[in-house]
Amino acid sequence: MKFAYRFSNLLGAVYRQGNLNFSKDGNAVVSPVGNRVSVFDLKNNTSETLPISTTKNITCVGLSPDGNLAVVVDEDGAALLVSLITRAILHHFHFHKPVNSIRFSPDGRKFVVTKENVALMYHAPGKQREFNAFVLDKSYYGPYDETTCIDWTDDSKCFVVGSKDMSTWVYGAQRWANLIYYSLGGHKDVIVGCFFEKDSLDLYTVSQDGTLCVWESDTELDGLVLKKSRDKPKPVRQGDEEEDIEEERIEGEEGEVIRGKAETPKEKNVRYRQKSRHFFNKEGDFNNLTAAAYHKPTHILVTGFASGIFHLHELPEFNLIHSLSISDQRISSVAINSSGDWIGFGCSGMGQLLVWEWQSESYVFKQQGHFNNMAALAYSPDGQYIVTGGDDGKVKVWNTNSGLCFVTFTEHTSSVTNVTFTSSGFVIVSASLDGTVRAFDLHRYRNFRTFTSPRPAQFSCLSVDVSGELVSAGAQDSFEIFLWSMQTGRLLEVLGGHEGPVSCLCFSPVQSILASASWDRTIRLWDMLDSWQVKETLPLTSDGMSVTYRPDGQELAVATLNGEISFWNPHTATQTGSVSGRHDLEMGRKETDKITAKQSAKGKSFKSLCYSADGESILAGGQSKFVCIYNVKEQMLMKKFEISCNLSFDAMEEFLDRRKMTEFGSLDLVDEGAGDGDGVNISLPGVRKGDMSSRHFKPEIRVSSLRFSPTGRSWAATTTEGLLVYSLDGSLVFDPYDLDLDVTPASIRKQLRLQEWASAIVLAFRLNEKALKQEVLETVPHDQIPVVCGSLPDIYVEKLLGFVAACLEKSGHLQFYMTWAQNLLMLHGQKLKNRFTFVMSILPTLQALQKSIKRHFDDLSKLCDFNMYNIRYAEALSKQRGVKRAAEEDKDEEEEEDEELSEEMSEASLDESELML
């Protein structure tokens, strides 16, 4: 059960390359991220990564009109048919060549795939089980260069394909007599987008040089005639002579009778004419047009440019509605949702994903990952947030529930090497190669402390003590450790003694002792309470790479350069065990390596270590695609996680493919796009990322940092692919506790009928089935909860508390489960506190409970604040209306008084006149 972790979510990257798609209802964006697919729910502000992966980076995604199926194609042309309902792979297929675009027909019966200069039309997979889900219907030839884009008519009768040879081709999806294919020219650059008008054959084509051509067809969609209707005679019916349209009998080639109009004895072929031409870059302000999308119901054309600017135009008049710069990088993909309100933009250079509402001119969604490698991560004490630092100098904070970044700090001017939370959970500390250590406040989202050294130093590691008062950072050039006060920001001490770069720092979770690992093959323990003196020096067999304390502070784990993990007792300074993990790394061979993977693995090691929340196991990762989890007590490998199967990364395979070897080296080093001028890509000695001048390289797969969640239910790793989160999946394993023949669902329900609540709970936890445990727990009456909690055996208290914490996270019965948690802690809290060995095992459970309560508190507080403001508004509105009503009543009273006064005066005047008479 403890190792039943599975891939849960991909954070830190929201878009890499390929086309964006909106869901059928328009409330979610489907974005390709490397070799995975992420779905961003714009209504609920959450993200989800589908549990599928391709062998290389995804280049295009096609969604069916009903939103149930997706076809995902990677760089090599390998395709997956994925169900978006069950999140399962239904079929594998290979197109054998790179695919440029894919599009389903509006009726969902066909889909067209473009590869090289061919358009292939396939039958769309049906609802029945099929042996082959991809059945080729027709192949369409015509363009001389690669095809780039596709669009369908609304009735799925025709489709249009754009090409790099500056031509656009209109094809019939069926065998039309008057439209087989039609070629359109008129452009001087690559076709970026081609779009049909709504319920029409009229066309819009957009090219890369910023030219829009409007094409008008002389035939409506209803005017398309099938070939078989021309070949077969129509039967003559009596009474047709009485029709208004004058018709006559026309003799066919074989003497068959064909009825038709006298004026048009033969159907005319579909013809196009260029109605108008428009230019985007009249002033020369814009460079290449890179992406385009058209919304047929509203006639809105969205175009994105390489400078990061996008335009909204209304067609066919070409009226400019809106223009805005959203990035300084090239816009790679544009998509419009079904209602036409939201526009999605993807920028592959910066890894940005934006959703813009053009009518209100506001962002609906704005996310950006680290556009360079991630270097470090840390969990908040309650496990609700993850902070990451990258080589781009940014510090980002992610919400583990939604999977989205909610704040980014950009104060660092160089790579961030380490990040951590303080014990309060509201302060983030980061170290960077720019020579500063910065503290950020999560309440006001600001950098409130900046720590520097007397002489400029590049900080490579960082640690904060339990109280959050002492901040320490190690330098990789001066071999020194610097200590600062968080309260004052002053430098307290500079610790010298290491004879090599300091690679890692870690404070003890229970004492004021700092452990430092260095390349001088020593671990030094510094006592913060005794004038910062060296308490112990632990000798290592090789250079120290990483050091970490067990959560209870009673053990120390060290990773060294020779691939070993050694365990030490920090109190007695003795080694208690070691694990040789070099063979578990299983390094791959890079394309430019002159030696085998087995030889290169001798110089590799673990770069990051992390204990699990209960301290029984340890995670280790390094320059490999594997993350290993070891049992500390048994000192053996328990499980290996393969973090990626993406062959677009380097060093993924152990052996190079001999079929690709030539006398000049591997064919993988030769860029197929010879026209781009890249040629052979051979890296210089010591260069890891290829030739940066060509901007074309394969990054090497590696794990830079690992952390276990304080709740013990998930762990995260920063890799070349992004931030991967693995969660504990309880549904995978049946793990009963103290099982007996009498422990059955029937016996448990019998105890419920007898109202033996405590006995039913004990039996349910012995059987350990989630649904049954929830049924038993929710059957207990609310007023009986304190009695049941008091009569539970001590051994089931922790199990019940953990189950309550898990249920509270997703259940809507807040008061019910909060009552369970409160009574369990009130009645058994002192016993748990007195048993120190039990505290470590129950700490993750308490933190999971705290995380669930905090989440519900945040949601409810927002809702209550919103309701409170609404009530205040309604109250103020009612008062205002009451004042108006009172003013109106006063006005009416005044008018009545005036009328009475006028009547009295008129009567008085009459009386006077009578007297005078």
Side-chain angles (χ1 to χ4, degrees), residues 65 101 103-114 118-124 135-143 147 149-163 167-186 191 193-205 213-235 237 240 243-248 250 252-253 256-275 294 296-297 299 315-316:
S101 55
R103 181 69 66 89
F104 276 84
S105 62
D107 61 6
R109 294 181 178 180
K110 305 285 179 65
F111 67 89
V112 173
V113 171
T114 60
V118 188
L120 305 173
M121 186 166 68
Y122 287 85
H123 289 285
V135 179
L136 180 63
D137 186 17
K138 295 184 186 69
S139 298
Y140 296 88
Y141 293 85
T147 48
C149 51
I150 311 168
D151 192 38
W152 285 83
T153 55
D154 288 336
D155 57 0
S156 305
K157 289 182 177 180
C158 303
F159 65 92
V160 61
V161 173
S163 172
S167 66
T168 307
W169 294 74
V170 183
Y171 296 106
Q174 303 175 41
R175 296 184 180 276
W176 305 117
N178 50 349
L179 177 61
I180 301 174
Y181 63 88
Y182 199 96
S183 177
L184 302 171
I191 304 296
C194 48
F195 313 102
F196 279 109
E197 186 54 272
K198 182 176 175 61
D199 297 326
S200 172
L201 281 173
D202 296 346
L203 265 176
Y204 303 107
T205 55
C213 289
V214 182
W215 304 89
E216 187 178 33
S217 171
D218 63 351
T219 309
E220 295 296 327
L221 286 171
D222 297 336
L224 296 175
V225 181
L226 286 171
K227 268 191 175 182
K228 60 182 180 180
S229 65
R230 296 186 61 191
D231 298 336
K232 295 181 181 180
K234 291 184 178 180
R237 295 176 299 174
D240 288 345
E243 295 180 358
D244 295 335
I245 301 175
E246 182 185 355
E247 296 181 349
E248 64 178 10
I250 301 173
E253 294 179 0
E256 58 190 10
V257 178
I258 303 175
R259 296 178 60 83
K261 294 181 183 178
E263 294 83 8
T264 56
K266 185 179 180 181
E267 294 87 351
K268 293 191 301 182
N269 288 334
V270 175
R271 293 186 181 276
Y272 281 91
R273 72 176 183 89
Q274 190 178 97
K275 187 177 179 181
Y294 180 64
K296 297 179 183 179
H299 308 285
L315 298 183

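Note that the numbering runs from 1 along the sequence shown for the chain.
- For Glu220, the CD atom sits in a loose shell: 12 or fewer heavy atoms of surrounding residues, nucleotides or ligands are nearer than 6.0 Å.
- Distance alone, capped at 3.5 Å, places no donor-acceptor pair between the Ser101 side chain and the Thr114 backbone.
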Exercise. Does the side-chain contact (heavy atoms from CB on, under 4.5 Å) test come out yes or no for Cys158 and Leu224, once each step is laid out?
Worked result: CA-CA 10 Å; Cys158 303; Leu224 296 175; 3.5 Å; yes

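- Not counting sequence neighbours, Phe196 has no partner by the ring-ring contact (aromatic ring centres under 6.0 Å, His included) test.
- Here the shortest heavy-atom pairing between Ser105 and Ser156 reads CB-OG, 3.7 Å.
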Mind listing the side-chain donor-acceptor pairs of residues 135-142 below 3.5 Å, one per line with the distance, residues two or more places apart or on another chain?
residue	atom	partner	partner atom	Å
Asp137	OD2	Lys110	NZ	3.0
Lys138	NZ	Ala173	O	3.4
Tyr140	OH	Gly172	O	3.0

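- A search for ring-ring contact (aromatic ring centres under 6.0 Å, His included) contacts involving Trp176 returns nothing, not counting sequence neighbours.
- Here Trp169 pairs with Ser167 under the side chain to side chain donor-acceptor pair (under 3.5 Å) rule; sequence neighbours left out.
- Applying the 6.0 Å contact sphere to NZ of Lys275 captures no more than 12 heavy atoms from other residues, nucleotides or ligands.
- Residues Cys149 and Phe195 form no side-chain contact, since every pair of their non-hydrogen atoms from C-beta on lies 4.5 Å or further apart.
- In terms of heavy atoms, Ser200 sits closest to Leu221 at N-CD1, 3.6 Å.
- Minimum interatomic distance between Asp202 and Ser217 (heavy atoms only, all atoms of both residues): OD1-N, 2.9 Å.
- Remark: Phe111 engages Phe104, Tyr122, Phe134 in a ring-ring contact (aromatic ring centres under 6.0 Å, His included) (not counting sequence neighbours).
- Judged as a side chain to side chain donor-acceptor pair (under 3.5 Å), and not counting sequence neighbours, Asp218 has no contacts.
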Problem set entry | Chi angles and distances behind the side-chain contact (heavy atoms from CB on, under 4.5 Å) call for Leu315, Tyr294 | CA-CA 9 Å; Leu315 298 183; Tyr294 180 64; 3.7 Å; yes

